[in-house]
Amino acid sequence: MKGLIIALLSLSVLFVSCQRTGNQQSSTEDLTKNTPKGQASVVDEESSPNILQLAIQTKDLSTLVAAVQAAEIEHVLVNAGPLTVFAPVNSAFDALPPGTVDELLKPENKKKLAYILTNHAAPGTYKGRLLKDGRKIYMATGEYIEVTRKGDDVYFGGAKILATVDASNGVVHLIDKVLVPEEK
Amino acid sequence: MKSMYKNAVMALVLFAGLTLVSCNQGGSNNGGALKSSAAEKVFVAPGEYDSHYAFISGGFSGQLSVYGLPSGRLFKVIPVFSVDAEKAYGFNEETRDMLKTSHGYIPWGDSHHPDISQTNGVVDGRWVFINENNTPRIARVSLETYETAEIIEIPNSAGNHSSSFVTENTEYVVAGTRFSVPIPQRDISIKDYKGNFKAALSFIKVDPESGNMDLDFQVLMPGFDYDLSHPGRGKSHGWFFFSTYNTEEAHTLLEVNASQNDKDFIAAVNWKKAQEYIKQGKFKTMPAKYVHNVYSDETHSTISTTKKSVRVLDASKLPGLVYLMPTPKSPHGCDVDPSGEYIVGSGKLSASMTVHSFSKMLKAIENKEFDGEAYGIPILKFESTLAGTVEQPGLGPLHTEFDGKGNAYTTFFISSEVVKWKLGTWEVVDRKPTYYSVGHLMIPGGNSRKPFGKYLVAMNKITKDRYLPTGPEVTQSAQLYDISGEKMELLLDFPTVGEPHYAAGAPAEVVKGFSKKFFKLEENKHPYATKSEDDVRVVRDGKNVHVYMTAIRSHFAPDNIEGIKVGDRVYFHVTNLEQDYDVPHGISMIGANTSELLIMPGQTETFVWEPKQVGVWPFYCTDFCSALHQEMQGYVRVSPRNSNVKLSWSLDDE
């Protein structure tokens with residue numbers, strides 16, 4: 001965790017310095033938000049794709065990608081990681097109560113959206129044997145979500161893992177439900 | 001207290017004076033401070049790239065440093081002839097043999113004259129060749145990996161100084177000995193030097209595809225000292241020119257005894273003729289012993305072979321192979337202009353510089369305008385090859401490079417300056433001081449048919465007061481000049497690594513496209529590679545234990561190992577499974593002789609650990625690879641020699 005904190009800290013340093021050079025109205029800038037593109041701006045077509053690149057290439061994740069872009073958290077999916085992303089497919093978003101997605105995509109709900117999405121990402125690479133029945137996985141939001149196994153199927157927070165794709169900075173599991181955090 | 005006060009005052013005065021001087025310089029040159037801003041010319045904004053690469057030799061450090069111009073920023077230090085803890089070079093099992101020689105393993109050598117490979121006389125950015133002086137060797141550095149790809153030892157050579165320059169299609173990289181020695185080496189009196197000591201000029205063939213080197217032949221020369229060399233180009237392609245000194249053949253107090261002759265020589269070697277002689281079988285195969293080390297990017301390992309013989313052509317016996325051009329007073333630099341017509345000899349003890357003409361040389365050979373011979377090699381008449389003389393340009397001329405616009409730039413060690421002069425008219429047109437006592441200079445492409453004449457880097461031997469003091473030893477300084485205008489303009493001072501002897505440079509576009517991002521895992525042919533976590537294992541072979549380990553963000557597999565015993569020799573063969581740019585993993589094991597082994601994505605590297613104490617000992621990742629880098633660790637249980645603990649390994653207890 002110490003590492004993650006350092007990484008986040010260094011991101012925010014980067015952010016501050018970018019703002020300094022780029023933004024002349026620094027007196028009015030909102031220091032509570034953290035939306036640098038970070039390594040998402042690196043162009044590299046040779047390396048294995050990272051989680052964001054994989055998600056963009058995957059048709060069935062287009063709603064998720066749109067949500068990530070709306071929440072401006074692309075950098076979370078391209079940094080050194082390692083990261084496990086449980087990626088709800090489009091039908092999972094469709095299954096939410098009508099209007100939910102449109103509501104979340106509104107600018108005023110950006111923070112909430114970012115929280116929901118971040119709740120689908122876990123530091124570490126969890127795949128294969130590491131997804132043990134009963135293992136609780138610590139998510140990037142600080143919440144814990146449990147792995148369950150039923151026969152050959154693996155479930156995560158009640159969502160079924162449909163497929164798994166390796167990424168350069170971790171792994172992506174396609175899941176059939178959105179993991180909505182409990183209201184606090 | 002009093003003296004401190006005095007010092008402070010003096011420093012203030014000095015500082016004020018310097019500020020004043022620099023203000024004056026900025027203003028007087030251009031009639032307005034805004035018009036000329038050196039700072040602006042060297043400023044490369046954060047995130048922007050430099051326009052040129054500079055490869056600067058590491059001198060006594062044995063390494064090659066990579067800089068950006070015009071910023072003077074240091075990007076990388078590539079270990080070549082010395083071990084380097086930062087890159088594990090010479091420490092891991094894979095690269096140790098790169099430093100093998102016929103004299104055994106040499107962990108610390110020097111590095112001198114880098115030269116970039118050329119195609120059609122233009123630098124092509126594929127490889128950098130660099131020589132070691134002390135234990136004669138030539139290395140090839142890959143500009144794909146920025147690692148040393150190959151090292152070949154040079155037999156019959158001693159003080160490999162007139163090296164490592166390439167012909168215009170990189171047909172050969174050439175290595176000339178500095179010292180003459182008995183060839184073959186034998187037990188004779190030093191006093192028997194004259195006539196018995198010989199010199200070897202080596203022509204190393206370079207494979208046009210792989211770059212692999214092979215010593216094709218050596219030209220056996222009289223027992224002079226050979227200082228520097230450069231290839232003919234354009235019209236003089238097929239020839240190679242070497243400066244000589246100590247044509248007196250003195251064997252003691254050369255300071256005095258090698259300065260007796262009014263003139264020494266520039267030796268012109270016709271290597272195309274040499275190829276003909278080789279074809280005709282007019283060579284002698286001499287016994288020799290030299291080591292050739294090749295590093296493979298597929299096996300990520302070194303193959304070292306010892307060669308037993310070399311083909312030798314005797315310049316004294318083969319007509320037309322070598323001619324000697326008299327050149328005043330111990331010439332040091334021997335530089336050929338972009339057209340290939342002019343060969344500049346810098347007599348380091350001479351007041352003037354001598355320029356020979358290649359076309360006049362050919363005519364003189366045709367007309368047999370000889371002035372005697374040395375050991376059967378014709379000496380051409382001085383006047384017959386002379387193109388011109390640069391009169392009184394400065395004190396202690398050393399090296400010359402060219403801007404491709406008809407100008408030459410020569411360094412002067414004694415008078416600490418760079419002097420610009422015109423080819424053909426030989427007139428001096430500008431001079432600028434260096435700080436201090438400059439050795440080599442480098443213009444990107446300045447030693448080719450196509451110089452990119454925008455910048456000039458002067459590499460100075462003496463630094464003194466140029467930087468904040470750092471004890472008795474201050475790092476050698478380099479100075480960057482803008483040479484795009486009529487007058488040179490000093491832009492920047494920057495520190496260098498070791499004592500740079502020479503440098504090679506090229507525009508970034510020529511070089512940067514070759515750079516590799518990572519090694520493909522499926523192409524990894526390391527004998528101990530582990531390409532999947534399913535294949536990790538630990539294998540015992542007597543006292544040797546081989547750990548087939550993988551690393552990926554953020555764990556090692558396996559990370560728990562038991563059944564190791566005191567007195568074992570444990571080989572950790574670690575494969576980095578990443579396939580992502582700039583994500584190396586490191587590994588350290590408590591008590592191992594190495595630290596921070598650095599493994600590139602797709603690569604396998606090995607270190608050896610010989611546990612001496614019973615206990616449970618941790619290992620860990622040493623490169624800040626990821627957010628969970630600090631979690632990337634494992635344990636090895638070490639039991640007594642007679643223990644029955646079974647060999648086992650696991651990850652996540654499986």
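Chain letters run A, B, ... following the sequence lines, proteins first and then strands; every chain starts at 1.
- For A/Leu130, the parts sitting under 4.5 Å from any heavy atom of chain B are the backbone and the side chain alike.
- For the pair A/Lys136 and A/Tyr144, the NZ or CZ position fails the cation-pi test of under 6.0 Å to the six-membered ring centre and within 45 degrees of the ring normal.
- Only the side chain of B/Phe518 has a heavy atom closer than 4.5 Å to any heavy atom of chain A.
- Remark: the B/Thr575 side chain and the B/Asn524 side chain contain no N/O donor-acceptor pair separated by less than 3.5 Å.
- Proximity to chain B (any heavy atom under 4.5 Å) is shown, for A/Asn169, by both the backbone and the side chain.
- With 3.5 Å as the limit, one finds no donor-acceptor pair spanning the side chains of A/Ser91 and A/Asp94.
- Taking chain A as the reference chain and counting heavy-atom pairs below 4.5 Å, the highest number among B/Gln579, B/Lys520, B/Glu578, B/Glu533 is found for B/Gln579.
- The side-chain tip of B/Lys512 does not point at the ring of B/Tyr53 from less than 6.0 angstrom away and within 45° of straight on.
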